[in-house]
Structures are given as structure tokens and as C-alpha cells.
Amino acid sequence: MILPLHTHLRDRIAATLRHRYGLHPSAMPAIVIEYPPNRRLGDLAVTVAFELARTLRKAPRVIAQEIAETVGELSGIGRLEPTDAGYLNVFLDRAAFARDRVAGDTPPAGTAAGLKTIVEHTAINPNKAAHVGHLRNAALGDTLCRLLRFRGAEVEVQNYIDDTGVQVADVVVGLRELEGTGLDELRPLVDAPGFDYYCWDLYARVTRWYEADETRLTYRRAALLDLEHNTDPAAAMARLLTDRIVRCHLRTMARLGVEYDLLSWEGDILRLEFWTRAFELLKASGTVFLQQDGRLAGCWVMPIDDGGARDEDGRSDDAAQTGPDDETRAKVIVRSDGTVTYVGKDIAYQLWKFGLLGRDFHYRWFDTQRSGRPLWATSSVDIPPSPDRGPVPRFGRAGAVYNVIDTRQSYLQRLLVQALTSMQHPRAAERSVHFSYEMVALSHATARALGYEDADSEAHTPFVEVSGRKGLGVKADDLLDQVTERAEREVAARHADLPTAERRRIAVMIGTAAVRYFLIKFSRGKVIAFDIDEALSFEGETGPYLQYATVRARKILQKLRDRDGVETTALLESLATTPTDSLTSEAGDGLWDLILEASRLDEVTEQAVRTLELSVLAKYAFGLAQRFNGFYHSSPVIAEENEAVRRWRAAGVHYFQSQMTRALELMGCDVPPRM
RNA sequence: GCGCCCGUAGCUCAGCUGGAUAGAGCGUCGGUCUCCGGAACCGAAGGCCACAGGUUCGAAUCCUGUCGGGCGCGCCA
């Protein structure tokens with residue numbers, strides 16, 4: 001890891017600036033450490049001389065020289081070299097650096113150590129199969145969790161289940177009105193294979209059924225009311241179908257190695273009357289008030305403080321005549337009929353996450369996940385779990401909350417933060433992070449392949465939007481099936497000797513890496529125009545490319561063991577007394593580059609979390625794999641005759657392999673034994 | 001109308017808090033020692049970083065404006 005060295009270097013330079021120029025800490029510029037474009041220029045570069053040129057009224061070149069003179073010996077680091085342009089280039093002590101990392105490079109405690117952090121992700125409406133858009137959410141959310149844990153945070157993963165919403169109501173209506181299915185007929189149906197696919201189609205059919213005759217929407221309203229008030233048989237049907245669909249979703253996500261700690265059911269939030277308590281708090285803090293007149297008379301509203309986001313009929317010309325009603329924008333929290341809106345429920349839930357609501361759920365054991373990790377669910381009733389499940393964990397009461405939701409919810413997430421601020425919870429407001437990302441659409445080619453693109457939808461748009469209502473989209477399981485099948489063919493072509501089960505196991509690892517890497521490598525603000533062929537590719541910038549490099553590295557170490565009897569631990573120990581010219585000479589540049597780059601994992605994870613840009617991890621891992629592959633082709637290890645050279649190369653290979661394995665783990669990917 | 005996001009090679013995208021010659025993948029073209037596995041490697045072609053101003057030692061990056069595209073703004077969730 002390289003961050004400790006960064007800090008050390010920064011401290012030394014800061015100390016130098018204080019002594020030489022008498023700079024006060026307040027006047028201290030940020031000491032930026034970057035990587036020179038060319039390794040011959042140095043390993044690191046510091047640009048602080050440019051920053052100081054104005055205040056010190058000296059040329060950057062002079063300042064850089066003075067700093068280099070004054071800083072003295074950088075024991076264990078290396079030396080500083082000022083350039084004419086004003087850069088301070090750092091040449092690291094290669095041997096010392098390499099010895100320190102290669103022998104065992106554990107990540108440091110991390111900046112977020114001990115901070116209880118809740119990450120909410122996935123949150124798919126439990127009424128139909130998951131699609132690629134949901135996979136992007138889960139891949140981002142799960143990777144974020146892994147990164148936060150890597151930095152030392154205590155992470156609790158929650159998956160919100162909207163079991164009382166319109167989408168579930170629609171499928172209940174579909175079952176009853178289109179299929180003539182009641183509770184009794186539903187029971188065998190939900191356990192049949194492909195139930196989530198069945199609901200996918202049914203949901204699309206209901207949408208069309210409503211469109212054909214809008215009076216049919218009364219069925220939806222009736223069903224929705226039944227769900228909210230827990231009235232059977234509609235509510236019983238909903239309970240049954242959402243339970244099974246959620247299990248389908250969990251199974252799909254488990255294929256990608258995604259697991260959770262808690263399922264938060266909206267129905268429990270309603271039944272436990274979280275809202276009642278939240279409403280008291282909102283009123284007491286003056287966050288909401290009862291609108292007396294105007295078009296929102298009788299509603300409890302929250303003023304919206306920013307000037308933006310007016311609705312379409314916000315006529316500015318006659319605003320003077322309409323009076324005060326239009327002047328301050330307000331968001332309805334409680335309707336004039338006394339029912340609460342979505343934002344209201346969300347505020348209650350967010351308060352609970354921070355332990356600020358003063359109420360808690362009951363909990364029930366839900367399942368044991370693939371890794372053995374237990375999955376709990378919220379409950380409205382207090383039934384003690386059986387003793388063999390262990391005690392219920394202490395859910396909620398977080399110090400920080402990340403909500404992984406697509407960018408279309410930005411407006412509402414902002415209102416949420418505003419409510420927390422207004423309720424005198426500035427810390428919670430500050431630590432409520434909306435991890436937003438753009439949606440997944442379909443490329444025209446893929447939409448066409450699915451049979452969705454007809455003549456009138458001309459290719460003026462850059463992509464085709466996914467629509468659950470229309471049933472338009474690539475189902476997650478279909479994608480995973482295809483990618484696994486494809487991987488299995490590739491494995492079979494290379495390893496005819498492997499038993500089928502093992503081929504299958506490896507294919508799953510490769511397919512997972514392909515999909516997860518694909519979903520992570522774009523920056524979050526970019527719409528992914530999902531293209532099936534691109535996602536199924538295993539060449540170039542893909543997950544399998546990273547795995548392949550790692551497998552190659554491991555193969556070398558394995559051969560050293562099997563053929564030459566060299567154990568890795570013994571090899572690493574021998575480095576203390578092994579000459580280092582193969583690392584320090586120009587011929588060792590390739591090896592040195594590999595080691596230095598591999599050490600940057602902690603720096604990269606830090607940046608990824610700071611910017612919430614997980615693609616930087618993906619890009620870094622890819623660049624590292626490229627570097628290794630280049631090294632692999634230019635620098636033989638086993639065939640190398642010079643023993644010192646061979647040892648150092650093997651050490652570099654080992655370090656690469658171990659850092660890359662960590663990086664892959666952070667992205668939820670395994671390293672196959674062969675591929 | 002207002003707000004947020006996006007615009008970089010033929011296509012899909014990187015480019016961290018401004019820094020040295022703007023980089024990858026795919027595609028195209030041309031190569032790679034019977035070698036630790038070719039799911040790889042090396043090379044070539046391909047750029048007014050949408051446009052116009054500004055800020056400064058320095059701008060793809062920051063500011064303003066314009067154009068083009070996406071999304072959001074409800075007593076829906």
C-alpha cells in the first residue's frame with residue numbers, strides 16, 4: 001500500500017516549508033502528489049512549488065530547488081529532484097519500498113474505522129423478475145459496501161422492499177381479473193419455476209388492460225387500499241407473491257455474490273406506525289405546517305428552500321394576482337385526506353436508519369445466504385427467533401447512510417436531506433449520501449434482437465429506454481445464463497479434461513466477473529446503452545481479462561513450487577539478502593513499475609469512495625493487469641538463469657497476484673484455478 | 001420555464017482535488033521467439049477535447065454564455 005508513504009512525504013515537505021519559509025499552517029497550500037507521465041522523470045511528483053510561486057514571489061524552479069536542498073535525507077523514501085519547470089520529482093528507494101510491500105502488505109486501519117454505515121441498495125419492486133438496470137444498482141451498491149469495509153467501516157446492507165406499492169397491487173389485480181386466480185390458486189403457482197418471469201409478462205399485460213379502458217383503474221385503487229390496510233384476501237395474495245419474488249431476486253443477486261443483512265419491508269413501516277412518530281417530530285420541529293388556503297389547503301406541507309424546480313404551470317406573469325400561494329414552493333407530505341405521501345414514509349425510514357425516530361422494528365430470521373451469512377427481515381410482530389439462529393443483530397443507529405438509487409430520485413433525496421436539516425439533525429443530513437447513478441438503457445441492436453424495435457421507433461434516440469410496464473428489458477437471469485453458457489464454451493474449448501462440474505464452476509466465476517466489471521467500469525453519471533454482445537465479451541477491458549492475468553501469475557508461482565521446490569514464503573524471506581540490481585537498474589524498470597502500480601490499491605479505493613466513482617477501481621485494476629501482461633511477455637521468471645533476478649521477478653509476480661486478488665474481491669469477483 | 005447530468009479517436013469510454021507529449025477497449029491494417037497458456041503481447045492509422053469568451057505561470061478539467069442530447073420538477077411511488 002502506498003498511502004502511508006504519501007502522508008510521510010507530505011509531512012516532510014510541510015515541515016520543510018515551515019522551517020524554510022516560516023509558513024503558517026493556515027497558509028500551507030495543499031501538497032498534491034501525482035504520478036509523472038514518464039517513469040524516467042520520477043516515481044512521484046509534487047507540484048507545490050507552483051502553488052507557492054505567487055506568495056513567495058519566486059520562480060517555481062527556485063522554490064523547487066530550495067525545497068530539495070532543505071528537505072535533506074528522506075530515509076526509507078528516496079530522493080527529491082527539482083526540475084527546471086518547477087516540479088519536485090521523487091525517486092523512491094526501490095529496494096526498500098519493494099521489500100516492505102512484497103513480504104505482506106496489509107491494508108491500514110483506514111479513515112472510516114468503526115463508523116457504523118448503512119448502505120441501502122437493490123430495492124426492486126417485488127412484483128416481477130429483475131432486469132439489467134437492477135443489476136447495475138446491486139453491483140454498485142455491493143462494491144461500495146466492500147470498499148467501505150476495506151477502509152474499516154462497519155457496514156450494514158439493507159434491501160428495501162416496497163411490498164405495499166402500486167406495482168404489487170397491479171400484479172394482484174392481474175392475477176384476479178385477468179387470470180381468475182385467487183389465493184388458493186396462487187399457492188401452487190408461486191412455487192413453480194419461473195414465477196418471476198410469469199409476473200413480468202402479467203405486469204405488462206395489466207398495463208395494457210388499464211390502457212384499453214381507464215375505468216379499470218378502480219381495481220388498482222381498491223387493491224392498493226387493501227394492501228395498505230392489510231385487508232385479505234388481496235393482502236394475503238400480496239404477502240405470498242412478494243415473499244416469493246423477493247426470494248427470486250435474492251437468488252439472482254446471489255449469482256453475482258451479492259448478499260444483504262436486512263430486508264426492510266414497507267408494510268412493517270406502515271403497521272408499526274413509524275409515520276405517526278415521524279409526523280410528531282416533523283410538526284414539533286416546525287418542518288411541516290398545515291396549509292390554510294390556496295390549492296394546497298388542508299395539506300401538511302414542507303417548504304422547499306431552493307429556488308429551482310417549479311412545476312409546469314408556474315406562470316410567472318399572473319403570479320402577482322394569485323397571491324402568496326405560489327411564492328414559496330411547498331412539497332405535500334400529508335394529503336388533505338390525511339394519508340401520507342411517499343416522501344413522508346421515506347423521512348420516517350431515514351430517521352430510523354440514524355436511530356433518530358425513537359421506534360424500532362421487530363425482526364425475523366429470513367434465510368441463510370450462500371456464504372453462510374444470515375439474512376434478517378423486519379417484522380411487525382414480536383416473535384422471538386429460535387435460539388439456533390443466534391441473537392438479533394443491532395440494526396439501524398447508523399453514523400452514515402448511503403442510499404444507492406438512480407439519478408431520477410435526486411430531487412426526493414434532496415428533500416430528505418432538507419427535512420433532516422430542518423429537524424435539527426445537521427450531522428445526519430450531512431452524512432446522508434445519495435449515491436446516484438444513471439439508468440441502463442438498451443442499445444438499438446439489442447432492443448432489435450429482443451424483437452422490440454419496430455419501424456416507427458426510428459434511431460434518432462441514442463438508446464432505447466427499459467420499461468417494466470411494457471415488459472421491455474433484458475432480464476437479469478437471462479443475461480447471467482447467456483454469459484455463463486458462453487464462458488462454459490470457452491472453458492471447454494481450452495480444458496477438455498476438466499469434469500463438467502468444475503467447468504461449470506469456473507464458468508460461473510468468469511461470467512460473474514464479466515457482468516460485474518461491465519456494470520462498474522462506466523462512470524456512474526453515464527447512461528449505459530446495454531449491448532448484449534459487448535457484455536458477453538471476454539477480451540480487452542473486461543473482468544475475465546483481469547482474472548486471466550491473475551491466473552497466469554499464480555501459475556508461475558505454482559510452477560516454481562512444483563518444479564523447483566521453491567515455496568513462496570521462503571522466496572520472500574530470501575529477498576532480505578538478495579542483491580537488488582535487477583530491481584534498481586534500468587533493466588528492472590518493468591518490474592519496478594509493476595510493484596509500484598500494484599501498491600496503489602489503497603490510494604485508489606480512497607479515491608473511489610471519496611468521489612463515489614467506482615469506475616476508478618475498475619480502471620485501475622485493468623491498467624494493473626495490462627502492466628502485468630506486458631511484464632509477463634518481456635520478463636521470463638522460471639527460465640531466468642540469474643537467481644537474484646529470478647527471485648525478484650517472482651516476488652513481483654507474487655505481489656501483483658495478491659493485490660489483484662484483493663482488487664477483484666472488492667469488485668465481487670473470484671479468481672478461477674484455471675481458465 | 002427551472003434544476004441536475006452528459007458532449008473527448010469510426011464506435012464505447014478513461015482522464016482523481018487545474019500540471020509535463022490527451023489515453024484505453026472494440027473495430028481496421030500489419031506483426032509475435034514450439035513460450036511461465038495467444039481470453040495475451042508489439043506496432044500503425046485515427047483528436048479544433050461540441051462552440052465562444054473569461055480566470056492564470058498553466059485549462060479536456062474551473063467560471064459565464066450558446067448549441068445539441070438525457071433525466072427530473074404531482075395531494076404518483
Side-chain angles (χ1 to χ4, degrees), chain A residues 30 32 34 36-38 41 45 47 50 53-54 59-60 83 85-87 125 162 164-167 266 295-296 298-301 304 306-316 329 331-337 339 341-343 345-346 406-412 414 436 438-439 441 443 460-463 465 487 490-491 494 510 521-523 525-529 531 534 537-542 544-545 547-549 551-553 555-560 563 603-604 606-608 610-611 613 615-616 618-619 622-623 626 629-630 632-640 653 674-675:
Chain A
V32 174
E34 51 180 49
N38 188 323
L41 295 170
T47 54
F50 297 111
R54 179 167 287 262
T83 72
Y87 289 95
N125 270 301
D162 182 6
T164 54
V166 185
Q167 293 210 17
E266 182 169 87
R295 61 189 176 92
L296 298 182
C299 297
W300 286 86
V301 301
I304 298 168
D306 88 1
R310 244 158 212 286
D311 47 37
E312 289 179 33
D313 54 358
R315 312 129 302 209
S316 53
R329 293 245 311 140
K331 177 72 193 173
V332 173
I333 305 295
V334 179
R335 305 183 188 99
S336 51
D337 65 2
T339 56
T341 62
Y342 165 79
V343 196
K345 281 183 274 191
D346 237 36
D406 77 62
T407 183
R408 287 174 292 197
Q409 300 271 5
S410 296
Y411 174 66
L412 295 167
R414 227 174 42 235
S436 72
E438 265 293 354
M439 57 174 176
S443 73
H460 289 105
T461 55
F463 46 73
E465 195 171 350
E490 298 288 335
V491 175
R494 279 153 241 241
I510 294 172
K521 75 172 181 177
F522 302 97
S523 36
K526 226 130 199 173
V527 176
I528 297 180
D531 188 83
E534 205 187 333
S537 162
F538 299 154
E539 289 171 7
E541 196 197 334
T542 66
Y545 177 93
Q547 291 174 313
Y548 185 66
V551 168
R552 280 178 143 182
K555 194 70 172 290
I556 294 172
L557 299 170
Q558 190 190 319
K559 269 232 160 102
L560 277 176
R563 217 195 58 185
E603 181 196 343
V604 169
E606 201 61 34
Q607 188 195 327
R610 192 182 68 238
T611 60
E613 198 52 88
S615 60
V616 309
K619 298 288 176 186
F622 176 62
Q626 272 186 316
N629 275 329
Y632 179 91
H633 280 273
S634 68
S635 313
V637 179
I638 292 173
E640 173 57 45
V653 170
R674 305 163 69 177
M675 66 184 283

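Since the model is a prediction, treat every value here as computed from it, not as a measurement. First the proteins, then the strands, lettered A, B, ... as listed; each starts at 1.
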Under 4.0 Å between any heavy atoms, over every strand shown, what does A/L412 touch: base, sugar-phosphate, or nothing? Just pick one.
base
Once you apply a heavy-atom cut-off of 4.0 Å, does A/V637 come out as touching a base, just sugar-phosphate, or nothing?
base
From the options B/G15, B/G74, B/C71, select the nucleotide whose nearest atom is closest to the side chain of A/V616.
B/G15
I want to verify a distance call: between B/C75, B/A39, B/G19, whose nearest atom is closest to the A/L296 side chain?
B/C75
Once you apply a heavy-atom cut-off of 4.0 Å, does A/E534 come out as touching a base, just sugar-phosphate, or nothing?
sugar-phosphate
So what does A/S635 hit on the nucleic acid, given a heavy-atom distance under 4.0 Å: a base, only sugar-phosphate, or nothing?
base
For a quick check of understanding: with a heavy-atom distance under 4.0 Å over all strands, which category does A/I333 fall into, base, sugar-phosphate or nothing?
nothing
Decide, yes or no, whether a salt bridge links A/D337 with A/R335 under the criterion of side-chain N to carboxylate O below 4.0 Å.
no
Which base, if any, makes a Watson-Crick or G-U wobble pair with B/C41, both distances under 3.5 Å?
B/G31
Taking atom types as modelled, is there a side-chain donor on A/Y548 or A/N629 under 3.5 Å from an acceptor on the other?
no
What nucleic acid atoms does A/Q558 come within less than 4.0 Å of, heavy atoms only: base, sugar-phosphate, or nothing?
nothing
Opposite nucleotide pairing with B/G25, Watson-Crick or G-U, both atom distances under 3.5 Å:
B/C11
Measure from CZ on A/F463 to P on B/C71 and round the result to the nearest Å.
6 Å
Have a look at A/E539 and say if it touches a base, only the backbone sugar-phosphate, or nothing, with a 4.0 Å heavy-atom cut-off.
sugar-phosphate
Just to be sure I understand the rule, does A/T341 reach a base, reach only the sugar-phosphate, or reach nothing, if contact means heavy atoms closer than 4.0 Å?
sugar-phosphate
With a non-hydrogen cut-off below 4.0 angstrom, is A/D406 in contact with a base, only sugar-phosphate, or nothing?
nothing
NA contact type, A/F50, heavy-atom cut-off 4.0 Å: base, sugar-phosphate, or nothing?
base
Any base atoms under 4.0 Å from A/R494, or only sugar-phosphate, or nothing? Heavy atoms, all strands.
base
Minimum-distance nucleotide to A/M675 side chain [options: B/A39, B/G7, B/G15]:
B/A39
Could you check whether A/K619 gets within reach of a base, just the sugar-phosphate, or nothing at all, counting any heavy atom under 4.0 Å?
sugar-phosphate
Kindly say whether, by distance alone, the side chain of A/T407 makes a donor-acceptor pair under 3.5 Å with the base of B/C4?
no
From the list B/U21, B/G37, B/A77, which nucleotide is the closest neighbour of the side chain of A/Y632?
B/G37
Taking a pair to mean Watson-Crick or G-U wobble geometry with both distances below 3.5 Å, B/C49 pairs with none
Whole angstroms only, please: what is the NZ-C1' distance between A/K345 and B/A77?
7 Å
For A/Q626, answer base if it contacts any base atom (sugar-phosphate contacts may also be present), sugar-phosphate if it contacts only those atoms, and nothing otherwise; contact means non-hydrogen atoms under 4.0 Å.
sugar-phosphate
Looking at B/A39 and A/Y545: do their rings stack (centroid distance under 5.5 Å, interplanar angle under 30°)?
no
Counting the atoms with a prime plus P, OP1 and OP2 as sugar-phosphate, which does A/A608 contact under 4.0 Å by heavy atoms, base, sugar-phosphate, or nothing?
nothing
